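Just so you know, ligand 1 is whichever comes first in the structure, and atom 1 is the first atom listed for that ligand. The shown structure was predicted, so the numbers you read here are calculated from the model rather than taken from an experiment.
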Amino acid sequence: MLHPIEARLDANRSNVPVRGGGFADDSPWHSNAACRRDEAGLFFAPSKEPTAARLSREEQAKRVCGRCPVLLECREHALLQPEPYGVWGGLTAAERRVVLARRRRREQELREAARRGAQVAAAG
Ligand code: SF4
């Protein structure tokens with residue numbers, strides 16, 4: 001799936017299929033992205049980026065996300081895909097992995113609680 005910035009760039013090329021099929025219809029959340037007005041390079045790491053440079057770049061990207069009206073939509077999109085690279089919805093790829101792991105744990109706990117509840121009901 002494309003980052004909103006890349007999607008914008010692709011959309012500006014006439015009759016070029018959008019890579020991965022993403023955002024060809026320029027969905028509403030995507031069309032309001034704050035990053036459409038910023039540099040694409042801010043959101044993705046160049047190869048062999050030193051750690052200090054990465055942290056600084058990610059902070060800058062997050063500042064753009066912080067004033068983005070579609071932050072939640074973007075974040076959810078990146079979590080659901082899931083998007084493996086770049087800053088999306090104010091979260092880095094590593095931060096999204098943590099959120100996804102928490103969600104999986106919570107879902108597992110809910111499933112176990114439901115299973116235990118069903119057992120109690122069946123026994124009662
Ligand atoms: S939340 Fe960040 S990455 Fe997502 S659309 Fe907005 S500015 Fe772009």
| Taking Arg96 for the side chain and Leu79 for the main chain, is one N or O donor matched with an acceptor at less than 3.5 Å? | no

| query | Among all residues two or more places apart in sequence or in another chain, which pass the salt bridge (charged side-chain N to carboxylate O under 4.0 Å, His left out) test with Arg103? | reply | Glu76

| request: Measure from atom 6 (Fe) of ligand 1 to every heavy atom in Pro69, Cys68, Gly90 and give the option owning the shortest one. | output: Cys68

| Atoms in ligand 1 flagged as close to Val87, the criterion being non-hydrogen separation under 4.0 Å | 3 (S)

| task | Below 4.0 angstrom from a heavy atom of Leu71, which ligand 1 atoms are there? Numbered from 1 as shown, please. | result | 1 (S)

| task | State whether Cys74 contributes an N/O/S atom found under 2.8 Å from atom 4 (Fe) of ligand 1. | result | yes

| query | Do you see a donor-acceptor pair shorter than 3.5 Å between the side chains of Arg111 and Gln108? | reply | yes

| said: Quick one, Arg54 and Thr92 - any side-chain contact, counting heavy atoms below 4.5 Å? | reply: no

| message | If the cut-off is 2.8 Å, does any N/O/S atom of Cys65 fall short of it from atom 2 (Fe) of ligand 1? | response | yes

| query | Glu73: what forms a salt bridge (charged side-chain N to carboxylate O under 4.0 Å, His left out) with it, not counting sequence neighbours? | reply | none

